[in-house]
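Single-structure report; data block below.
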There are 2 protein chains.
Amino acid sequence: MTDEIISFITRYVPLTEEEIAIIHEQNLIRSYRKDAVLLSEGEYAKECFFILQGCVRSYYLIDGEEKTTDFYTESQAITPISYTKKEPSKYFLSCLENSIIALGSTERNNQLLEKIPKLRSMVAQLNSELLIQKQVSFDDFKSLSPEQRYLSLLETRPDLFNRVPLYHIATFLGITPVSLSRMRKRVSTKVK
Amino acid sequence: MTDEIISFITRYVPLTEEEIAIIHEQNLIRSYRKDAVLLSEGEYAKECFFILQGCVRSYYLIDGEEKTTDFYTESQAITPISYTKKEPSKYFLSCLENSIIALGSTERNNQLLEKIPKLRSMVAQLNSELLIQKQVSFDDFKSLSPEQRYLSLLETRPDLFNRVPLYHIATFLGITPVSLSRMRKRVSTKVK
DNA sequence: AATGCTTTTTATCTTAAGATAATTTTTGCC
DNA sequence: GGCAAAAATTATCTTAAGATAAAAAGCATT
């Protein structure tokens, strides 16, 4: 049932049967309804998340407008900044779909790291990978025009367009929903 | 002489005298002239860098245009993606000023990590911190207008404006130099 | 002081994004 | 099938950025 977590981890470090059992024991799995809020602005994140099924969105609320910064889907881990830094969150996390999510509290995660120390190496590798990914996407974002960013997202994450409303994709691309709509029209007439 | 490196490290892990001596031994320090290139597109990075004195810029060359993605100054470490991933670099690193830089090759760094294993913890902490920083700047970048980004940079890194040509700052802000110049004029007349 | 090079600004024109409001389309639901 | 809410599009007007070219200002060096 939580094989996704095991295969996620074993991309970084090998696990024995025993260790797999320990991880299964520790698993806390929850279901959330669409629009359920996993973390609010101002709140201290007590947990990090691993998405087994569904889709989660992170966003800032600025002058009453939601600015989406990320979409997380199956087999992605979410470690809120607030979880790491022990400070109030500046952004929200909420479910775009009914979702099944594994939770790790600080205590539970620390226990796991005590019992299976090599998980520290996994975390280190993962962070290093995420840092590189983030840097690459940021660099791309800066050097591409909104239209190029849209076209690029169409290629790299086509799945999103089937499960996420366009107005969230718009703010994720750093533009307004109205502008995205206009752009899509422009692009489609270009192609023809 | 390389106390900066020691105090950089001890922000993350304590060091004994012995360990400090080991680090000093391993240090390879070089001087570079303004415009010296530390890493070229297409090249495999053999080293990572720690800036003791001076300023380094990272940039992509796109359609003959340089797009600056970062400025590194005193006491900042640079670990090229190419160094970590062992693949050709997509960007350049070059000196904006005459600079004094400590170099760490893969071999030398691995030796250090063998001799002082707790440095792994430092690297892990540093990466986690850098990931958070990168995420925050990316989120800001997306939600701010070019003008707001300019004003924010003026506050967060005023030093840059004294040592870096505006046309590099412009591409760093994701706009053209002409546009930055126009914007500065607009902003200055607003204030009056 | 004169020259050449780098950096910044100005000007003009074009294009696309922001703001706002209204309308249309789609979707879910009783 | 009809209704309400959510999502997407359209229209209009304003504002700022991109492209390009040219001029001006700042520097360094001889």
Side-chain angles (χ1 to χ4, degrees), chain A residues 33-37 55 57 59-60 62-68 71 94-98 140-154 160-192, chain B residues 33-37 55 57 59-60 62-68 71 94-98 140-154 160-192:
Chain A
R33 285 292 176 77
K34 184 179 174 189
D35 293 329
V37 173
C55 183
R57 174 174 76 98
Y59 60 97
Y60 292 76
I62 300 177
D63 302 329
E65 307 258 292
E66 296 184 354
K67 304 279 185 176
T68 297
F71 299 106
S94 83
C95 298
L96 284 172
E97 305 170 355
N98 295 336
D140 278 353
F141 192 92
K142 265 191 202 171
S143 54
L144 301 180
S145 68
E147 186 173 318
Q148 289 171 317
R149 292 193 305 252
Y150 165 70
L151 294 172
S152 152
L153 189 67
L154 266 182
L160 285 184
F161 292 83
N162 298 321
R163 59 201 298 190
V164 171
L166 286 173
Y167 63 97
H168 286 144
I169 291 180
T171 66
F172 176 68
L173 290 171
I175 59 178
T176 61
V178 176
S179 178
L180 177 57
S181 173
R182 210 163 28 193
M183 195 170 80
R184 280 159 56 81
K185 190 179 187 184
R186 203 170 61 224
V187 167
S188 75
T189 57
K190 255 187 208 168
V191 177
K192 278 169 194 167
Chain B
R33 286 291 177 78
K34 184 180 173 186
D35 294 328
V37 173
C55 184
R57 176 174 74 100
Y59 60 96
Y60 291 75
I62 300 176
D63 302 328
E65 308 257 291
E66 295 183 357
K67 304 279 186 179
T68 297
F71 299 107
S94 83
C95 299
L96 284 171
E97 304 169 356
N98 294 336
D140 278 353
F141 192 93
K142 265 190 201 172
S143 53
L144 300 180
S145 68
E147 187 174 317
Q148 291 171 317
R149 290 190 312 247
Y150 165 70
L151 294 172
S152 151
L153 190 67
L154 267 181
L160 285 183
F161 292 83
N162 298 321
R163 58 200 300 191
V164 172
L166 286 172
Y167 63 95
H168 286 145
I169 291 180
T171 64
F172 176 67
L173 290 171
I175 58 177
T176 62
V178 176
S179 177
L180 177 58
S181 173
R182 210 166 25 194
M183 194 169 79
R184 281 159 57 81
K185 189 179 189 184
R186 203 170 60 222
V187 167
S188 74
T189 57
K190 257 187 209 169
V191 177
K192 279 170 192 165

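Letters go in sequence order (proteins before strands), and every chain restarts at 1. If you're wondering where the values come from, they're calculated on a predicted model, not measured in any experiment.
Among all heavy-atom pairs drawn from K142(A) and T171(B), the shortest one is CD-O, 4.5 Å. Listed here is the closest heavy atom pair of S152(B) and L144(B): CB-CD1, 4.4 Å. Nearest approach of L153(A) to I169(A), heavy atoms of both residues: CD2-CG2, 3.8 Å. Of all heavy-atom pairs between F141(B) and G174(B), the closest is CZ-CA, 4.2 Å. The two residues Y59(B) and S94(B) make their nearest non-hydrogen contact at CE2-OG, 3.7 Å. Summarising the geometry of T68(B) relative to R57(B), their closest heavy-atom pair is OG1-NH1, 2.9 Å, with the distance given to 0.1 Å.
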Quick one: do L166(B) and F161(B) satisfy side-chain contact (heavy atoms from CB on, under 4.5 Å)? Show the steps, please.
CA-CA 7 Å; L166(B) 286 172; F161(B) 292 83; 4.1 Å; yes
Steps toward side-chain contact (heavy atoms from CB on, under 4.5 Å) verdict (R184(A), Y150(A)):
CA-CA 9 Å; R184(A) 280 159 56 81; Y150(A) 165 70; 3.1 Å; yes
Could you give me the CA-CA distance, side-chain angles and deciding distance for H168(B) and L96(B), then say whether side-chain contact (heavy atoms from CB on, under 4.5 Å) is met?
CA-CA 10 Å; H168(B) 286 145; L96(B) 284 171; 3.8 Å; yes
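Checking the phosphate oxygens (OP1, OP2) of dT10(C), a side-chain nitrogen or oxygen of K185(B) falls inside 4.0 Å. Listed pair R184(A) / dT9(D) meets the phosphate criterion, a side-chain N or O lying under 4.0 Å from OP1 or OP2.
With a 6.0 Å radius and a threshold of 12 heavy atoms from other residues, nucleotides or ligands, D63(B) has its CG atom at or below the threshold.
Recorded end-axis angle for the helix from dA1(C)-dT30(D) to dC30(C)-dG1(D) stands at 40°, based on five pairs per end and rounded to 10 degrees.
Distance CE (M183(B)) to C1' (dT8(C)): 14 Å, rounded to an integer number of Å. L180(B) has its CG atom 10 Å from the P atom of dG18(D), to the nearest Å. Nucleotide dA7(D) holds its P atom 12 Å from the CD1 atom of I169(A), rounded to whole Å. Per the geometry, CD belonging to Q148(B) stands 15 Å off C1' belonging to dA17(D), to the nearest Å. Following rounding to the nearest Å, N162(B) (CG) and dT8(C) (C1') show an atom-to-atom distance of 16 Å. When rounded to the nearest whole Å, the span between CZ of R186(A) and P of dG18(C) equals 11 Å. The interatomic distance linking F161(A) (CZ) with dA7(D) (P) rounds to 16 Å, in whole Å. One atom, CD of E147(A), and another, P of dT15(C), lie 13 Å apart when rounded to the nearest Å.
Residue S181(A) is classed as a base contact, given a heavy-atom separation below 4.0 Å to a base.
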Do nucleotides 19-30 of chain C as a string where each nucleotide becomes B, S or -: B if the base has a protein heavy atom under 4.0 Å, S if just the sugar-phosphate does, - if no protein is that close.
BB----------
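The distance from the CD atom of E147(A) to the OG atom of S179(A) is 10.0 Å, given to the nearest 0.5 Å.
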Short heteroatom pairs, N/O only, protein and nucleotides 4-7 of chain C, under 3.5 Å:
unit_1 : atom_1 : unit_2  : atom_2 : d
dT7(C) : OP1    : Y167(B) : OH     : 3.4
dT7(C) : OP2    : Y167(B) : OH     : 2.0

